[in-house]
Amino acid sequence: MDQKYLWIEALKFNDRGLIPAIAQDDRDSTILMMAWMNKESIKQTLATGEAHYWSRSRSEFWHKGATSGHIQKVKQIFYDCDADTILLKIEQIG
């Protein structure tokens, strides 16, 4: 496994393999949205530098901005002390 992905193994995903992800503006700390991620969407986010989520309603990956044009450039990723929630510090474009 690629070393840069090892921290993902410490995360506590729910029984559906998902973890809540909060998107926060990196400049003014405004909370922009909450969505769900799984291991693969986290890896896609790290690989591209843009937020990818898991859509529970459509059961598919969701690249934020692919249809709306409101792309989220990920600046930093954190997880809480329980490792059961992710915080994405993002630059909202569009």
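What you see is a predicted model; the values in this text were computed from it and never measured.
Applying the salt bridge (Lys or Arg N to Asp or Glu O under 4.0 Å) rule to pairs touching residues 76-91 yields Lys75-Glu91, sequence neighbours excluded.
Following chains of ILVMFWY side-chain contacts shorter than 4.5 Å, one can reach Ile31 starting from Met34, so the two form part of one hydrophobic cluster. Grouping the Ile, Leu, Val, Met, Phe, Trp and Tyr side chains by contacts below 4.5 angstrom, directly or via other members, places Tyr53 with Ile77. Phe78 and Ile22 end up in the same hydrophobic cluster when Ile, Leu, Val, Met, Phe, Trp and Tyr side chains are linked at under 4.5 Å. Using a 4.5 Å cut-off between side-chain heavy atoms of Ile, Leu, Val, Met, Phe, Trp and Tyr, with links allowed through other members, Ile19 and Tyr79 fall into the same hydrophobic cluster. Connection of Leu11 to Tyr5 is established within a shared hydrophobic cluster, with ILVMFWY side chains joined at heavy-atom distances below 4.5 Å, either directly or through further cluster members.
You'll find the side chain of Leu46 reaches within 4.5 Å of the side chain of Trp7, heavy atoms only. In this structure, Leu87 and Gln24 have side chains that are in contact, with non-hydrogen atoms separated by less than 4.5 Å.
Applying the side chain to side chain donor-acceptor pair (under 3.5 Å) criterion to Gln92, with sequence neighbours excluded, gives Gln72. Residues meeting the ring-ring contact (aromatic ring centres under 6.0 Å, His included) test with His70, sequence neighbours left out: none. Arg56 pairs by the side-chain contact (heavy atoms from CB on, under 4.5 Å) definition with Arg16, Leu18, Trp36, Trp54, not counting sequence neighbours. The side chain to side chain donor-acceptor pair (under 3.5 Å) test applied to Glu60 returns Arg58, not counting sequence neighbours. For Ser57, the side chain to side chain donor-acceptor pair (under 3.5 Å) test picks out Ser55, with sequence neighbours left out. A search for side chain to side chain donor-acceptor pair (under 3.5 Å) contacts involving Thr85 returns nothing, not counting sequence neighbours. Every residue two or more places apart in sequence or in another chain that forms a side-chain contact (heavy atoms from CB on, under 4.5 Å) with Thr30 is listed here: Asp25, Asp28, Leu32.
Considering all non-hydrogen atoms of both residues, Lys39 and Ile8 come closest at CG-CG2, 3.8 Å. Annotation for Ala83 and Ala10: closest pair CB-O, 3.5 Å, computed over non-hydrogen atoms. In this structure, Ala51 and Leu88 approach most closely via the heavy-atom pair CB-CD1, 4.5 Å.
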Pair Lys64-Glu50, side-chain contact (heavy atoms from CB on, under 4.5 Å): steps then yes or no | CA-CA 8 Å; Lys64 177 66 175 147; Glu50 296 180 357; over 6 Å; no
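Atom CD of Gln44 sits about 9.0 Å away from atom CE of Met37, to the nearest 0.5 Å.
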